[in-house]
Enquirer: 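After the structure tokens below, expect a handful of questions from me.
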Number of protein chains: 2
Amino acid sequence: MRTGERRPTLADVAAEAGVSVALVSIVMREAPGASAATRQRVLEVARRLDYQPDSRARLLRSGESRLLGVVFSVRHPFHDDLLTGLYDAADKQGYELTLSAVTPRRDERTAIAGLLQDRCAALILLGPLAPTAELATLADRLPVVVMTRAVRHRAVDVVRTDDSRGLQLAVDHLVELGHRRIAHVDGARWVASADRRQGYRDAMRRHGLEEFVRIIPGGSGEEDGARAARLLLDDPPTAVAVFNDLAATGLLDVLRRHNLDVPGDISVVGYDDSSFSALAHIDLTTVAQDIDTMATLAVSRAVERVAGAQVVHRETVIAPRMVIRGTTGPPR
Amino acid sequence: MRTGERRPTLADVAAEAGVSVALVSIVMREAPGASAATRQRVLEVARRLDYQPDSRARLLRSGESRLLGVVFSVRHPFHDDLLTGLYDAADKQGYELTLSAVTPRRDERTAIAGLLQDRCAALILLGPLAPTAELATLADRLPVVVMTRAVRHRAVDVVRTDDSRGLQLAVDHLVELGHRRIAHVDGARWVASADRRQGYRDAMRRHGLEEFVRIIPGGSGEEDGARAARLLLDDPPTAVAVFNDLAATGLLDVLRRHNLDVPGDISVVGYDDSSFSALAHIDLTTVAQDIDTMATLAVSRAVERVAGAQVVHRETVIAPRMVIRGTTGPPR
DNA sequence: ATGAAAGCGCTAACAT
DNA sequence: ATGTTAGCGCTTTCAT
């Protein structure tokens, strides 16, 4: 049962060990300036008392926070993966992470406000929806690193995937298999859509397939993909590169319901390598983003800014890679 | 560009407004004891200076933390939904949430330790793996609410779904459709597996179908479901209730590859209503847990314990419900 | 209604 | 190597 007593403080440990609080502080921080014997004794007492340093007091006093605030969205499989990488990277750099989620009923502004009150040293925002101006205002107060989207502002660092290149990889893969009539279902108004569309166009031109360029309005949801598929049915191409995995599954579903064989009649490529795309059911060929590299870079950028590096705007664009699964093959 | 200046403090606002810090504190906390005129002026200055209270200092001084620590796992779709509900509930009760994730490379103990240093008032653990003894030790230090699994210890509150009832609902649904030969693919060593298995047995007995009881060893992954499906192929039942949605998709995949029609030849029920189970592709009938109710209760429990209520161990078991989609139908 | 002063748990100068 | 002192930004008595 829980004892009603307050948790032990530095002073408690100091009293018990018969030394000053300052000395205990030194030991707990593993700072130089304590004899091995003292160190051992203090550590022993701390463990016995089950002492836990109060990070809030620590941060308050030391001024510097070594705390990185991360805003992410639930229901975004890609964000989960990014979080995993960010924890690893932060740990390596000696920083802590504090998370704030965006949910269907908790908007981005609320999520950010919470982190601001926690006095994070910097913010890492995963695919923020806020307009550039708002992000810039934020960056006025503390270092801000944006991931997975572009932001053209000198105070905001960006780490994202080369989305244009991603679609080019998809087209290259399909062309290699022998496809020529390759369509693209785009992401409508989503931030990354323009880049991916451009990548598609460039790749088609590069392969001398300009006459086969065909862009279908899509979106980011399953329904968007399904709608696009219906637009495609009259005159199906032999391959489609879709804006993302979710839209691709919607498209796949409609194609199969109309007895089109995938990849026999038509090949399909998604984007993101979402967790479900590896399910045996779906087995979707897709464009993957290099999550670990992105996470490591984002933390480095944040840490450098915190350390006061007078850097100008940096945008780091990471190369994506193909993950070839079962929805692509040679045309009949 | 970011000005190198530190963020404004209460003292800055006080100086600018020409009042004492104590008064500004009163205004910021919306506490009684300030004239309307002063209140307005201080608020105006605070907004102009873009003042943000420092939650660390606030908590440090006031002693009480109104901060709930939540440990969740990435890659667990169900947890995302739970987080959404928890934020809503905490908000309503005037509490803040601080999140700590378990990732493939960051274990539960680390996740919990982080929250302990943040001086949370209580902990809410989503499906913790720690043994009861460890959770009990933790509950010795601060209120602990465990979700989605059972813990028999008087200091630990539990909020979970009635998993036995869940499987009973699944069997009831199948019996109602006319099925008699209903098999169950279980969850091997997973915590909830025993309850679900028992629910299956009870329901079969209740319907006088004891002779058809057939339990196939399964697990929680897609592969486990696929393996179970292969065991079923020699002598397929007309319906299967599977431990969870992921295993169910694995099973579905194998069945379809062997030209069994779902639900024509065989009906399939999953568990959890995971996000992907609603995909048109999968369209899985499943047992859903009542997320909002669970979240609300978990926060209430935590808050009551924080408020010092001398409650004994409470386990709240929530009723699940069926979500009927396309993988179940009458037997041929 | 307002202000002065103490102190939450800790770290960082500066002593010794 | 160890102790003393002074705050970090805030809330909370207790004055006025």
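Within every chain, numbering begins at 1; the chains are lettered A, B, ... in the order of the sequence lines, protein sequences first and strands thereafter.
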Enquirer: Please list all pairs passing the salt bridge (Lys or Arg N to Asp or Glu O under 4.0 Å) test where one or both residues lie in residues 113-122 of chain B, with sequence neighbours left out.
Expert: A/D54-B/R119

Enquirer: Just report the end-to-end axis angle for the helix from C/dA1-D/dT16 to C/dT16-D/dA1, five pairs per end, to 10 degrees.
Expert: 40°

Enquirer: Are side-chain heavy atoms of A/R41 and A/V19 found at a separation under 4.5 Å?
Expert: yes

Enquirer: Quick one: which residue pairs count as a side-chain hydrogen bond (donor to acceptor under 3.5 Å, both in side chains) with a foot in residues 24-38 of chain B, not counting sequence neighbours?
Expert: B/S25-B/R29, B/S35-B/T38

Enquirer: Could you tell me how far apart B/L23 (CG) and C/dA5 (P) are, to the nearest whole angstrom?
Expert: 16 Å

Enquirer: Report the C-alpha distance between A/L67 and B/R56 in whole Å, list the side-chain angles of each, state the deciding distance to 0.1 Å, and finish with yes or no for side chain to side chain contact (heavy atoms under 4.5 Å, CB included).
Expert: CA-CA 12 Å; A/L67 223 205; B/R56 298 167 311 175; 5.9 Å; no

Enquirer: Taking DNA chain C as the partner, which of residues 50-60 of chain B come within under 4.0 angstrom of it by heavy atom?
Expert: B/L60

Enquirer: Are side-chain N/O atoms of B/D140 and B/T137 paired as donor and acceptor at under 3.5 Å?
Expert: no

Enquirer: Going 5' to 3' along DNA chain D, which nucleotides are the first and last within contact of chain B (any atom under 4.0 Å from a heavy atom)?
Expert: D/dG9 to D/dT12

Enquirer: Considering residues at least two apart in sequence or located in another chain, which fulfil the side-chain hydrogen bond (donor to acceptor under 3.5 Å, both in side chains) criterion with A/R48?
Expert: A/E16

Enquirer: Going by the rule side-chain hydrogen bond (donor to acceptor under 3.5 Å, both in side chains), which residues pair with B/S65 if we only count those two or more places apart in sequence or in a different chain?
Expert: none

Enquirer: Could you tell me if the side chain of B/Y51 sits less than 4.5 Å from the side chain of B/D12, heavy atoms only?
Expert: no

Enquirer: Please name all residues satisfying side-chain hydrogen bond (donor to acceptor under 3.5 Å, both in side chains) with A/T148, sequence neighbours left out, ordered by chain then number.
Expert: none

Enquirer: Looking only at atom types and distance, does a side-chain atom of B/Y87 sit under 3.5 Å from a main-chain N or O of A/A101, one as donor and one as acceptor?
Expert: yes

Enquirer: Excluding sequence neighbours, so at least two apart, what forms side-chain hydrogen bond (donor to acceptor under 3.5 Å, both in side chains) with B/E44?
Expert: none

Enquirer: Please report the shortest heavy-atom distance between B/A111 and B/V102, naming the atom on each side.
Expert: CB-CG2, 4.0 Å

Enquirer: Under a 4.0 Å heavy-atom cut-off, which of residues 30-49 of chain A touch DNA chain D?
Expert: A/G33, A/A34, A/S35, A/T38

Enquirer: Which pairs, protein N/O on one side and nucleotides 12-16 of chain C N/O on the other, fall under 3.5 Å?
Expert:
residue, atom, partner, partner atom, Å
C/dA12, OP2, A/R29, NH1, 2.8

Enquirer: Do B/L10 and B/M28 come within less than 4.5 Å of each other through their side chains, counting heavy atoms only?
Expert: yes

Enquirer: How many Å lie between CG on B/L10 and P on C/dG3, as a whole number?
Expert: 13 Å

Enquirer: Considering only residues two or more places apart or on different chains, which pairs with a residue in residues 121-138 of chain A satisfy salt bridge (Lys or Arg N to Asp or Glu O under 4.0 Å)?
Expert: A/R109-A/E134

Enquirer: Which atom pair, heavy atoms only, marks the closest approach of B/D292 to B/G85?
Expert: OD1-CA, 4.2 Å

